[in-house]
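In what follows, a structure is listed as structure tokens, so that the remarks can point back to it.
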Amino acid sequence: MKKIALITGATSGIGAACARKFAGAGYDLIITARTESALSVMAYELTQHFGVEVLPCCFDVRNLDAVKRAVDSLPMAWRDIDVLINNAGLALGLEPEYAGDITDWETMIDTNIKGLLYMTRLIVPGMVERQKGHVINIGSVAGDAAYAGGAVYCATKAAVKALSDGLRIDLVHTPIRVTNLKPGLVETNFSKVRFHGDTERAANVYKGITPLTGDDIADVALYAVQAPAHVQIAEVLILATHQASGSVICRS
Ligand code: NDP
Ligand code: 8X3
């Protein structure tokens with residue numbers, strides 16, 4: 001029987017790793033991101049390597065009209081989404097809260113909070129109708145406590161925790177499960193994006209520590225989805241061994 005996972009931000013890092021992991025488990029995939037060319041490359045790779053069906057959907061999760069258009073135009077065979085992975089997100093800048101770039105703040109809030117909400121609002125009603133589904137939100141250790149220069153990003157990930165908890169409460173009378181995955185340091189394009197393309201500064205974030213990989217997070221996502229129906233993995237904090245919290249990291 002066809003199983004469908006929709007993954008936002010599936011062209012890089014954690015989202016791409018989830019796409020490969022779920023394809024390996026036999027899921028057909030709706031993969032989304034803003035860059036059409038990267039989506040085509042990813043779709044080709046997944047189809048060739050795993051033999052699953054892949055539907056690339058190019059849109060910006062911040063644009064409600066575009067999200068609605070994408071969801072409304074899904075072919076009938078792709079509408080019964082079993083797993084929604086709300087992964088698209090980013091951090092921008094590492095300035096003190098009193099000196100941060102307001103455009104960066106708006107981008108983080110619009111992507112990490114509002115984009116996740118739009119996807120949830122448009123996909124979860126179908127799950128409720130079918131009485132079947134799983135929502136995985138990619139939160140962060142950053143949502144547990146603020147760190148220097150990270151106030152707004154940390155606030156967006158604290159919001160992801162509240163939105164995950166709230167959705168779990170609102171779905172408690174259904175079989176639909178909600179999981180908030182909270183990774184620590186994962187080496188992806190995250191820091192390159194945060195530092196606006198400064199690759200040297202980005203590389204320093206992972207110096208002297210073995211960071212997590214996207215695969216480490218994808219393993220937990222698949223574990224949560226494959227858990228028996230009566231088991232709801234509500235929240236998981238996943239840290240590198242030499243990271244103890246958002247700001248406590250032991251580097252060699
Ligand atoms: P990457 O930068 O490697 O990947 C981000 C993905 O999201 C890309 O596919 C990107 O594609 C897509 N994306 C970004 N903005 C939008 C948007 N507005 N609309 C649609 N797609 C978008 O980062 P990660 O894999 O590291 O990050 C994934 C998630 O994991 C984020 O929510 C992040 O906050 C979270 N996280 C990351 C950690 C880390 O250390 N790396 C730790 C904890 C959480 P495109 O640019 O083409 O749209
Ligand atoms: C990403 C992890 O600690 O760099 O959410 O904010 S951290």
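Order of appearance sets the numbers: ligands from 1, and atoms from 1 within every ligand.
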- Message: Applying the side chain to side chain contact (heavy atoms under 4.5 Å, CB included) criterion to Val61, which one of Asn112, Asp110, Thr111 satisfies it?
- Response: Thr111
- Task: Examine ligand 1 and decide if any of its atoms is less than 4.0 Å from a heavy atom belonging to Thr8.
- Result: no
- Leu185, any N or O under 3.5 Å of ligand 1 N or O: no
- Message: Less than 4.0 angstrom from a charged side-chain N to a carboxylate O is my criterion; do Arg69 and Asp65 meet it?
- Response: no
- atom 6 (O) of ligand 2: nearest protein contact (heavy atom, Å): Tyr147 OH, 2.5 Å
- Message: At under 4.0 Å between heavy atoms, is it the side chain or the backbone of Thr111 that contacts ligand 1, or both, or neither?
- Response: side chain
- Message: When you measure from the heavy atoms of Ala17 to every atom of ligand 1, does any distance fall below 4.0 Å?
- Response: no
- Query: Going by distance only, is there an N or O of Asn112 that falls short of 3.5 Å from an N or O of ligand 1?
  - Reply: no
- One finds that the ligand 2 atoms under 4.0 Å from a non-hydrogen atom of Ala142 are 6 (O)
- Query: Nearest protein heavy atom to atom 12 (C) of ligand 1, by residue and atom, and its distance?
  - Reply: Gly9 CA, 3.5 Å
- Query: Taking N or O atoms only and a 3.5 Å limit, does Ile14 qualify as a polar contact for ligand 1?
  - Reply: yes
- Message: Checking the N or O distance criterion of under 3.5 Å, is ligand 1 in contact with Thr35?
- Response: yes
- Message: Could you identify the single nearest non-hydrogen protein atom to atom 26 (O) of ligand 1 and state the distance to 0.1 Å?
- Response: Thr188 OG1, 2.6 Å
